[in-house]
Amino acid sequence: ITAIEADLVFNGNGTLNIQADNGIYTYGKYNEEDAYSGKGGISINGGTLNIKADYYGVWCDGDITVTDGTLTVNSGEEGITSVNGNISVNGGNNDITAKSHGMEAMEGNIYFNGGNTVVNGDVAVNASGGITLGQGITVLEPVGAKVASVTVSIGDEDGERYAICK
C-alpha cells in the first residue's frame, strides 16, 4: 500500500493482511535541497494488521503512530522506519521482527507510551533524537548487536522520574 505526499490512516476492528515487497509505504517528493519532504504519515488505530514484507514493513517520510489493536510486522529488511518523523506506540499488542532495524527513526524520536511491544532485529531500535519508554511493556531483542551505551529513564505521564539507569 503506497501513498505519495499523503497520509495513510488505518481505523477499525477488522483484520488486514499484507504480503508484498513493501508493506505500507508513504513518501513526499524528493528534491536535491530538502531530500524527502517529510510529508506522508501513517496512523494505525485499532484492528489487526499483519504485514509480511520482503524489504520494508512500514516505511514513511513523516510520523508513524500506532494506537491500540494488534500490529505484526515480519520484514526481510526494515520493520518500521520513519525518515523525517517520530514513531509513537501508544497502545496495542505489537510484534516487530526484521532482519536489519526493527524500529528506526532516522531524524526523529521513538516513544513507547503504552501497550505491549516486542521488537526483534539486528538493531532492535534506533533513533537519532532519542528513545522514550513510558507506560506499557517494551521488550527489545537485538540479534548480534553491540550496545555502546544505554540510558533508561522511568517515570509517569506527568514527567515525574522514578529511576534513571545508565
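Computed from a predicted model, the values in this text were never measured in an experiment.
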S.K.: After noting the C-alpha distance and the side-chain angles of T117 and F112, does the key distance pass the side chain to side chain contact (heavy atoms under 4.5 Å, CB included) rule?
M.R.: CA-CA 8 Å; T117 301; F112 294 99; 3.9 Å; yes

S.K.: Using a 3.5 Å distance criterion without hydrogens, assess whether the side chain of T65 forms a donor-acceptor pair with backbone atoms of S43.
M.R.: no

S.K.: In this structure, which one of I87, I44, I24, I110 forms a side-chain contact (heavy atoms from CB on, under 4.5 Å) with I64?
M.R.: I87

S.K.: Which heavy atom in G108 sits nearest to a heavy atom in A127, and how many Å separate them?
M.R.: O-CB, 3.7 Å

S.K.: Minimum heavy-atom separation for G57 and S75, please, with both atom names.
M.R.: N-OG, 3.6 Å

S.K.: Quick check: are there more than 12 heavy atoms from other residues, nucleotides or ligands sitting under 6.0 Å from OH of Y55?
M.R.: no

S.K.: First locate atom CG of N74, then atom CG of N120, and finally report the distance between them rounded to the nearest 0.5 Å.
M.R.: 9.5 Å

S.K.: Once rounded to the nearest 0.5 Å, what's the spacing between atom CG of N90 and atom CG of D68?
M.R.: 8.5 Å

S.K.: Report the residues that fulfil side-chain hydrogen bond (donor to acceptor under 3.5 Å, both in side chains) with D54, sequence neighbours left out, ordered by chain and then residue number.
M.R.: none

S.K.: To the nearest 0.5 angstrom, please state how far the CG atom of N45 sits from the CG atom of N11.
M.R.: 4.5 Å

S.K.: Between the main-chain N or O of N86 and the side-chain N or O of D63, is there a donor-acceptor pair closer than 3.5 Å?
M.R.: yes

S.K.: How many angstroms lie between OG in S82 and CD in E107, if you round to the nearest 0.5 Å?
M.R.: 9.5 Å

S.K.: Could you go through the side chain to side chain contact (heavy atoms under 4.5 Å, CB included) check for V58 and I51 one step at a time?
M.R.: CA-CA 8 Å; V58 177; I51 300 170; 3.6 Å; yes

S.K.: How long is the span from the NZ atom in K52 to the OG1 atom in T72, to the nearest 0.5 Å?
M.R.: 12.5 Å

S.K.: Is the shortest heavy-atom distance from the side chain of D95 to the side chain of V73 under 4.5 Å?
M.R.: no

S.K.: Minimum heavy-atom separation for F10 to I42, with atom names?
M.R.: CE1-CG2, 4.4 Å

S.K.: For Y111, enumerate each residue passing the side-chain hydrogen bond (donor to acceptor under 3.5 Å, both in side chains) test, keeping only those at least two apart in sequence or located in another chain.
M.R.: N109

S.K.: Can you find a pair of side-chain heavy atoms, one from M106 and one from N84, that are under 4.5 Å apart?
M.R.: no

S.K.: A98 and G79: which non-hydrogen atoms are nearest, and at how many Å?
M.R.: CB-N, 3.3 Å

S.K.: How long is the straight-line distance from CD1 of I96 back to CD of E78, given to the nearest 0.5 Å?
M.R.: 12.5 Å

S.K.: Is it the case that N126 and E104 place a side-chain donor and acceptor less than 3.5 Å from each other?
M.R.: yes

S.K.: When you compare the side chain of V89 with that of N94, does any pair of heavy atoms fall below 4.5 Å?
M.R.: yes

S.K.: Can you list, pair by pair, the side-chain donor-acceptor contacts under 3.5 Å of residues 16-23, counting residues two or more places apart and other chains?
M.R.:
residue : atom : partner : partner atom : Å
N17     : OD1  : N50     : ND2          : 2.7
N22     : OD1  : Y56     : N            : 3.1

S.K.: How far apart are the closest heavy atoms of A105 and G85, and which atoms are they?
M.R.: CB-O, 3.9 Å

S.K.: Treating S100 as the side-chain partner and E77 as the backbone partner, does any N or O pair qualify as donor plus acceptor under 3.5 Å?
M.R.: no

